[in-house]
Undergrad: 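Handing you a structure now.
Numbering of ligands and ligand atoms starts at 1, following listing order. Values in this document were obtained by computation on a predicted structure and should not be read as measured data.
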Amino acid sequence: VAEPALGTLGQAGVTLADVGGLASVKKRLDLSFLTPLRNPELSREFGKSLRGGLLLWGPPGCGKTFIARALAGELGASFYEIGLSDVLDMWIGSSERNLRSIFDTARRNRPCVLFFDEMDALGQKRSNLRGGGSAMRGVVNQMLSELDGASTENDGLFVLGASNHPWDIDSALLRPGRFDRTVLVLPPDVEGREAILRLHLRGRPTERLDLAKIARATDGMSGADLALVCEQATETAMEESMGSGRVVPITQRHLQEAAKSVRPSIGEW
Ligand code: ATP
């Protein structure tokens, strides 16, 4: 696929099995998208529609983008990721044109998961568009008309959004049929942390590890922080391997030291 002017488009490369923890979020995705798609007769029976978007919200680095990408992997769909603040252009009319071309690209690449990060950019609070509030209205209306598009046109198009501050999003976008289903993506609990550590160490040389212990020592860390812990431990093991001329596996100590040096990034969310 040709790289679109805005955002990135490509294959997902991951599935829900690559997402650690977040069992209730996965269940929700399953009920909203996967089960209805795999059971078209049952969906017809219940009048279950596949329309409308899903909004993932919560603190940074806890897997909103990752899980949207994994949904694309499950669906065998392409994954098209857009930062909404890049779409907004101060020139009247350009933001609407940008949005239209994004939806056109996504429709050409169906099945496609279209993922909008920074959904809160579509709200009055962040409006620094020329023309202020009324310019923002125009962009929100464009988004609504794309979402409400003729059913066949949007078949195979799955729209997901993410935000750290959903209360700033224009409320028209959250009404039924739009981003009406919201899913909170929280920092991982202790089992989630252990699963994330295991996933990020997969395929790397390690000694026998007590990951439950590392998980207990990393309370407050996001998935992104835990990925960094694994990265740092890996770098130390590689450095020691270079020094000793043999493969030194990642040890409990490498991980403990990395966990001490990484600061939880969620802070005052
Ligand atoms: P932001 O709000 O800053 O956009 P986000 O919630 O979208 O953050 P991601 O970009 O999905 O966070 O996560 C960053 C990285 O952290 C991922 O690419 C992945 O490596 C790791 N990660 C986060 N959560 C998980 C998880 N539950 N399982 C495995 N890896 C995770």
Undergrad: Using residues 62-69 as the side-chain source, report each donor-acceptor pair under 3.5 Å to any protein atom, sequence neighbours left out, with the distance given to one decimal.
TA:
from  : atom 1 : to    : atom 2 : distance (Å)
Lys64 : NZ     : Gly58 : O      : 3.3
Lys64 : NZ     : Pro59 : O      : 2.9
Arg69 : NH1    : Ala12 : O      : 3.3

Undergrad: Under a 4.5 Å cut-off applied to non-hydrogen side-chain atoms, are Asp180 and Arg175 in contact?
TA: no
Undergrad: Does some side-chain heavy atom of Leu255 sit less than 4.5 Å from a side-chain heavy atom of Thr206?
TA: no
Undergrad: Which parts of the protein, at residue level, reach under 4.0 Å of ligand 1 through a heavy atom?
TA: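 The answer is Asp18, Val19, Gly20, Leu22, Pro60, Gly61, Cys62, Gly63, Lys64, Thr65, Phe66, Asp117, Asn164, Ile196, His200, Gly223, Ala224, counting any residue whose heavy atom sits under 4.0 Å from ligand 1.
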Undergrad: Got a list of side-chain donor-acceptor pairs under 3.5 Å for residues 258-265, not counting sequence neighbours?
TA:
from   : atom 1 : to     : atom 2 : distance (Å)
Ser261 : OG     : Gln232 : OE1    : 2.8
Ser261 : OG     : Ala258 : O      : 3.1
Ser265 : OG     : Asp225 : OD1    : 2.8
Ser265 : OG     : Asp225 : OD2    : 3.3

Undergrad: Tell me, which pairs form a side chain to side chain donor-acceptor pair (under 3.5 Å) where one or both residues lie in residues 241-251, sequence neighbours left out?
TA: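 Every side chain to side chain donor-acceptor pair (under 3.5 Å) pair that includes a residue of residues 241-251, provided the two are not neighbours, is Thr251-His254.
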Undergrad: Once you measure the plane-to-plane angle for Phe116 and Phe103, does it fall in the parallel (<30°), tilted (30-60°) or perpendicular (>60°) bin?
TA: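 Ring orientation of Phe116 relative to Phe103: tilted.
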